[in-house]
Amino acid sequence: MASASERKPWDSSNLRKYCLNFEEIPRLPFDDPRVDELISSNPVIIEGSNLVKSATDKWNLEYIERHMGVTTNTVYLSRNHKFKYFDDKKIQSRTNPRGVEFSPPMRKVEMKVEEFMKKLREWKRGDERLYMQQSLTAAVGPNIVQDFVGFNWKWINAKQKTHCWGKLTSNLLYVSMEGNVTPCHYDEQENFFAQVYGYKRCILFSPDQFQCMYPYPVHHPHDRQSMVDLERPDHTRFPRFKDAKGVEAVIGPGDVLYIPIYWWHHIESLMRLGPTITINFWYKAGPTTIEYPLKDHQKVSIMRNIEKMLLEVLQDPREVGPLLRNMVLGRFD
Ligand SMILES: O=C(O)C(=O)C[C@H](CCCc1ccccc1)C(=O)O
Ligand SMILES: [Zn+2]
């Protein structure tokens with residue numbers, strides 16, 4: 001019988017079941033030269049970087065509650081376990097004059113950290129689930145500022161330089177309930193995803209899986225999210241999804257997952273294993289050198305620009321699909 005320290009902290013009963021099988025994301029020590037060979041076009045879990053050691057050593061919910069400071073924090077509430085992000089600027093935008101109906105799947109409230117933690121402690125089945133997603137700024141308490149200052153900036157600044165990324169735009173602090181799911185989406189920034197407390201399962205798909213992932217239209221509030229429900233995929237509407245090839249890993253305290261720009265990612269806090277705390281490091285993309293053949297993420301960016309331009313000229317989002325269909329059907333086969 002493995003001792004408590006060697007016993008695996010989780011097993012398959014903590015993971016949600018999906019119809020796809022996934023390859024494992026490689027795990028490498030931070031000083032392994034293969035890390036830099038993988039970065040910028042492949043995900044990789046980097047071990048032993050001590051990137052957020054000042055946090056993994058001390059942070060838990062009690063510490064966050066005591067030191068988060070007096071400002072309110074952004075908390076999402078969902079009636080189910082899915083926290084499907086939506087861009088509220090796209091709900092009643094001028095290019096959506098007829099208000100194509102959209103019912104947000106979750107709601108956003110500003111909460112003091114004490115209130116958030118109280119709701120977490122008193123949560124019972126049937127209550128709305130909570131997910132705090134707060135940008136780490138100087139407004140947090142002095143202890144957390146101190147821990148932030150103590151991150152391994154030497155290591156991550158060197159990574160930013162080696163890979164010619166743009167500036168660090170934000171560090172988001174995620175405090176999630178067990179079992180919460182962030183459905184599959186991509187971001188337009190490079191991401192070092194540092195796990196501080198608890199375990200998260202991360203399922204990633206490359207940008208070249210675009211045809212299998214069926215993203216919402218760019219003008220839709222769920223822009224950048226996949227329309228496919230990983231738990232109950234509609235194989236009639238999304239026939240190519242069954243061919244999607246994903247990679248996955250469960251990350252724990254001290255692990256840093258590199259999520260390359262434009263890579264699809266689904267993130268779940270393991271079930272029945274308690275709350276999770278993560279800090280992300282979002283970087284602007286580096287300069288785009290145009291070399292042929294174009295990379296798949298560059299084609300995603302081109303498709304996004306075409307949809308944006310069409311919306312600008314057509315104005316009515318309902319005309320974008322028909323025009324694109326008329327333009328390609330039977331003409332480029
Ligand atoms: O760090 C990342 O990129 C993640 O996706 C982390 C994810 C929460 C992200 C919430 C969100 C989704 C879409 C747009 C902006 C924000 C998690 O850890 O649950
Ligand atoms: Zn994301």
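Counting convention: from 1, in listed order, for ligands and their atoms alike. We're numbering straight along the sequence, starting at 1.
- A side-chain donor from one of Glu190 and Tyr258 sits under 3.5 Å from a side-chain acceptor of the other.
- Nearest non-hydrogen protein atom to atom 3 (O) of ligand 1 is Asp187 OD2, 2.8 Å.
- Nearest-heavy-atom check against atom 4 (C) of ligand 1 across Lys84, Gln195, His265 picks out His265.
- Among protein heavy atoms, atom 10 (C) of ligand 1 sits closest to Gln133 OE1, 3.3 Å.
- Screening Phe241, Phe205, Phe238, Trp264 against Tyr214 for a ring pair (Phe, Tyr, Trp, His ring centres under 6.0 Å) leaves a single residue, Phe238.
- Of the polar atoms of Asn191, at least one N or O is found under 3.5 Å from an N or O of ligand 1, judged by distance alone.
- Close approach of ligand 1 to Trp282 is summarised as follows: ligand atoms under 4.0 Å from at least one heavy atom of the residue are 2 (C), 3 (O).
- Under a cut-off of 6.0 angstrom, the local environment of CD in Glu24 is crowded, with over 12 non-hydrogen atoms contributed by other residues, nucleotides or ligands.
- Side-chain polar atoms of Thr74 and Glu110 form a donor-acceptor pair below 3.5 angstrom.
- The atom of Asp187 nearest to the Zn ion (ligand 2) is OD2, with the search restricted to N, O or S atoms.
- In this structure, Arg34 places its CZ atom where only 12 or fewer heavy-atom neighbours from other residues, nucleotides or ligands lie under 6.0 Å away.
- Side-chain atoms of His266 and Tyr18 form a donor-acceptor pair, as typed in the model, at a separation below 3.5 Å.
- Backbone and side-chain nitrogen or oxygen atoms of Gln225 are examined, and none is located within less than 3.5 angstrom of a nitrogen or oxygen of ligand 1.
- Atom CZ of Phe148 sits in a crowded spot, with more than 12 heavy atoms from other residues, nucleotides or ligands closer than 6.0 Å.
- Using a 4.0 Å cut-off between heavy atoms, Tyr131 contacts ligand 1 through its side chain alone, with no backbone atom that close.
- For atom 16 (C) of ligand 1, the closest non-hydrogen atom of the protein is Tyr85 CD1, 4.1 Å.
- For the pair Lys200 and ligand 1, the shortest N or O to N or O distance falls below 3.5 Å.
- In this structure, Leu270 is not a member of the same hydrophobic cluster as Leu130, with clusters built from ILVMFWY side-chain heavy atoms closer than 4.5 Å.
- Between the NE2 atom of His265 and the NE2 atom of His185, the angle taken at the Zn ion (ligand 2) works out to 90° after rounding to 10°.
- The protein atom (non-hydrogen) at minimum distance from atom 9 (C) of ligand 1 is Tyr174 OH, 3.6 Å.
- Taking only non-hydrogen atoms, the option from Phe193, Phe83, Tyr186 nearest to atom 6 (C) of ligand 1 is Phe193.
- Taking the six-membered ring wherever Trp is involved, the centroid distance between the rings of Tyr262 and Tyr186 falls below 6.0 Å.
- Scanning all protein heavy atoms for the shortest distance to atom 7 (C) of ligand 1 gives Thr182 OG1, 3.7 Å.
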